[in-house]
Amino acid sequence: MNRKLHVKSFGCQMNVYDSNRMADLLAPQGYSETAVPDDADLIILNTCNIRERAAEKIYSELGRMRELKKAAAAEGRQVLIAVAGCVAQAEGEEIVRRAPSVDIVVGSQNYHHLPQMLERAASGARIVDIEFPQEDRFETMPAPARNVTRARGIAAFVTVQEGCDKFCTFCVVPYTRGSEISRPVEQIAAEVARLADAGVREVTLIGQNVNAYHGIGRDGGEWPFGKLLHRLAEVPGIARLRYTTSHPRDMDASLIEAHRDVPALMPYVHLPVQSGSDRILAAMNRKHTRRDYLEVIARLRGARADLAITSDFIVGFPGETEADFRDTLALVEEVGFAGSYSFAYSPRPGTPAADMNDQVPAEEKSDRLQRLQAVITRQQREFNAKFVGRTVEILLEKPGRHAGQLVGRSPYLQTVQVMADPSRIGELAEVIITGTGSNTLFGALTDTVDAPVFADAGA
Ligand code: SAH
Ligand code: SF4
Ligand code: F3S
C-alpha cells in the first residue's frame, strides 16, 4: 500500500537521526516521505524536551494537527498522529490526556515497535510505549530497517553512543535518553561503509556524550573513542570525520592524539563548558573546573594548533551572581571561540536545579544572555574574518540558493558559498575565501578564480 509519512524533528542531531531511522523503518511498510503534513497519512512529531520552550512547541503543533486530522476525516481519510522523542519519553500518558488528536506516544528507545503500534492505532487504539527496553538498544531495529539506511547527501550523521550518566543538575537528557551505552565498533564501521557506498564523504559521529564512548572492538576489548576514529578513517571513500557532542571530562589522550594523527578528523571541537565560574560548575554537577577546561583546550591546541573550538553556555543558573557571570565572560575572552550557543537557564521538571533556591529573575537572565551573545558574535566574526584571502579545502555538498552556486563546508565547519558546476558535488575543492557574510564565507574555486562571486546576499 502507498502511504505518506511526514516526520518533523524538533531536537538535536540525535533527534534528526532518529527521524531518519523511523522513516527507514517505515519504508518497507509502504510509507514514503512527504515534506508537508497536509497530504500525510501518518505524522510523527519527534520532540525535544531540553528547554521549556522546546517542549511547549509540541502542544501548539498538536493543535494544528487536530485541524488537519479533522479535515482529512471529512474526506474519509484516516490520519494517524504519533509523538516521539524526548517529550514523549518524559510525559508519556500526559500527552494523550492533553492532546486528543494523538494516537501514538513512542519513547526514544521504542521506535522499532512502530509498525505494530500503527496497526493497532489504525483500528482506533491509543497507544503509549515509553518503557526502556532490556534488549540491546542498537540491535532492536529489524534487519530491513538497518539495511536501508539511505544516504541523504554528502554529509551524514551516525550514532556511536546514546544516553548519558553525567546528571548535570539542569539537564533532562539522562532521564529521557537513559543510561549511557556504546555501539560496537564494527556495527558503526558497517553503517559508515554503507553510507560511503551511497556517496557520503563526511560522517559526523553523534551521541549525547560521544567521547564517553567505550564500545566493543574487533578484538573483543572496549575501545576508546580515539581508537574508533582511527578505525573509521580506514573506510574507503570517507574523507572527513567529525563528532559531537563531547564532555570536557572525557577528553582522553586517545582522542587528543587522534586530532594530531588522523588526517580525516576535522580540526573542530564542540566542547560545552556551560559556565566559567567554579561555584556554578559545582552546582551544575559538571565535575570539571574552569581550570580543567582550560587545560583540556591547551592540550587539544597542542595536538592541533589550528583547532576551532565552540561551546555551549547557560546563563542564569540558580544562584548565579553578576561576579559568576563575569567569570563566564572572562573565560570566553581567554579561550577565543569560533562560535558558541548560549541559553537562558530553563527549569526542567524532575531535575535537581529546578528545585534550587535563588532562581535568577527572567530579566536578569535575558540581560546576561544578550551580553554573552554579543561577545560570542564578535568572536565568531573575528574568527571568520581571518579567513579572507586564505585558501581552504571545501567539501562541496549541495546546490546553493543562487543558480550556479554550490554550498560546502570548510574543515572548521564554516558554510562556504562558491560558483561551481553541480557535477562537482561531493568533491573536495581548493577555495580562496573572498569575503564573509553573517553566517557564511564566500569564495572562489582556485581552478576558476575568475568566476563571479556573489556578495553577501542576506545569507
Ligand atoms: N550532551 C550535551 C548537551 C546536550 S543539551 C553536553 O553534555 O554538552 C545542549 C545544550 O543545551 C547544553 O549544552 C546546555 O547548554 C543546554 N541546556 C541543557 N539543559 C538546559 C536547561 N535546562 N536550560 C537551558 N539550557 C540547557
Ligand atoms: Fe545533559 Fe550533562 Fe549529560 Fe550533557 S553531560 S547530556 S548536559 S547531563
Ligand atoms: Fe532535545 Fe532529547 Fe536531543 S531533549 S536536545 S531531543 S536528546
Side-chain angles (χ1 to χ4, degrees), residues 8-19 45-58 83-91 107-109 111 130 157 159-181 205-213 243-251 269-276 280-281 283-288 293 296 309-318 320 328 337 340-356 359-360 362 365-366 368-369 372-373 376:
K8 186 164 175 187
S9 281
F10 291 83
C12 58
Q13 289 101 335
M14 183 73 82
N15 181 272
V16 173
Y17 178 85
D18 285 344
S19 292
L45 303 177
N46 197 10
T47 60
C48 174
N49 201 22
I50 200 81
R51 284 167 290 274
E52 192 180 353
R53 203 175 298 167
E56 278 305 316
K57 252 190 223 156
I58 194 65
V83 179
C86 292
V87 177
Q89 192 67 54
E91 299 192 3
S108 46
Q109 310 299 335
Y111 300 141
I130 58 165
F157 294 144
T159 300
V160 299
Q161 71 73 246
E162 260 197 74
C164 181
D165 294 336
K166 296 278 190 300
F167 289 93
C168 300
T169 52
F170 52 80
C171 182
V172 293
V173 169
Y175 311 97
T176 60
R177 286 286 178 166
S179 59
E180 193 174 284
I181 69 160
L205 305 175
I206 58 169
Q208 272 81 28
N209 240 299
V210 281
N211 59 344
Y213 182 82
Y243 60 91
T244 197
T245 301
S246 38
H247 191 285
R249 253 174 70 98
D250 296 321
M251 268 292 162
V269 178
H270 181 63
L271 194 62
V273 61
Q274 315 299 353
S275 169
I280 296 299
L281 287 170
M284 286 176 163
N285 191 32
R286 287 289 292 178
K287 302 195 183 82
H288 63 78
Y293 186 79
V296 166
I309 294 162
T310 60
S311 190
D312 290 346
F313 294 90
I314 293 177
V315 300
F317 184 82
E320 185 189 74
T328 298
F337 291 99
S340 281
Y341 298 99
S342 50
F343 310 98
Y345 170 69
S346 169
R348 305 309 295 128
T351 61
D355 299 324
M356 286 180 185
Q359 296 288 330
V360 174
K365 286 195 244 188
S366 78
R368 288 179 193 166
L369 190 61
L372 176 59
Q373 281 175 349
I376 290 170

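Each ligand, and each atom within it, is numbered from 1 in the order the structure gives. Basis for what follows: all heavy atoms, side chains included, without hydrogens, waters or symmetry-related copies.
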Closest non-hydrogen atom pair, Thr310 against His270: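 Result for this residue pair: OG1-ND1, 2.8 Å.
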
Identity and distance of the protein heavy atom lying nearest atom 7 (S) of ligand 3: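 Heavy-atom neighbour on the protein nearest atom 7 (S) of ligand 3: Gln208 NE2, 3.2 Å.
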
Closest protein heavy atom (residue, atom, distance) for atom 25 (N) of ligand 1: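 I find the closest protein heavy atom is Arg51 NH1, 3.4 Å.
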
[Y] backbone acceptor or donor facing [X] side chain under 3.5 Å:
X	Y	answer
Ser311	Val273	yes
Tyr293	Leu271	yes
Gln161	Asn209	yes
Thr159	Met14	no
Asn211	Asp250	yes
Asp165	Glu180	yes

Ser346 and ligand 1 - part of the residue with a heavy-atom distance under 4.0 Å: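 For Ser346, the contact with ligand 1 is made by both the backbone and the side chain.
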
Just checking, any donor-acceptor pair under 3.5 angstrom between side chains of [X] and [Y]?
X	Y	answer
Ser19	Asn46	yes
Arg286	His288	yes
Glu52	Ser346	no

Close approach of [X] to ligand 1, heavy atoms, under 4.0 angstrom:
X	answer
Thr245	yes
Ala344	yes
Ile50	yes

Within-cutoff protein neighbour (heavy atom, under 4.0 Å) for atom 4 (C) of ligand 1: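 So atom 4 (C) of ligand 1 lacks protein heavy-atom neighbours under 4.0 Å.
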
Option with minimal heavy-atom separation from atom 15 (O) of ligand 1, where the choices are Arg53, Gln274, Lys166, Met284: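 Looking at heavy atoms only, Gln274 sits closest to atom 15 (O) of ligand 1.
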
Sub-2.8 Å protein N, O or S atoms surrounding atom 2 (Fe) of ligand 3: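 Result, waters dropped: Cys86 SG.
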
Proximal ligand 1 atoms for Asp312, defined as those under 4.0 Å from one of its heavy atoms: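 Within the 4.0 Å cut-off of Asp312, ligand 1 contributes 9 (C), 10 (C), 12 (C), 13 (O), 15 (O).
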
Atoms of ligand 1, numbered as shown, that sit under 4.0 Å from any heavy atom of Arg348: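 Per the distance check, 22 (N).
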
Phe313 and Phe337 aromatic centres sub-6.0 Å: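 Between Phe313 and Phe337, the centre distance is under 6.0 Å.
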
is_close_aromatic(Phe317, Phe343), centroid dist under 6.0 Å: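 Centroid distance Phe317-Phe343: not below 6.0 Å, so no.
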
Residue shell around ligand 2, heavy atom under 4.0 angstrom: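 Around ligand 2, where the cutoff is 4.0 Å for heavy atoms, the contacting residues are Cys164, Lys166, Phe167, Cys168, Phe170, Cys171, Val173, Pro174, Asn209, His247, Arg286.
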
Close N or O approach (His247, ligand 1; < 3.5 Å):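 For ligand 1, there is no N or O atom that lies under 3.5 Å from one belonging to His247.
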
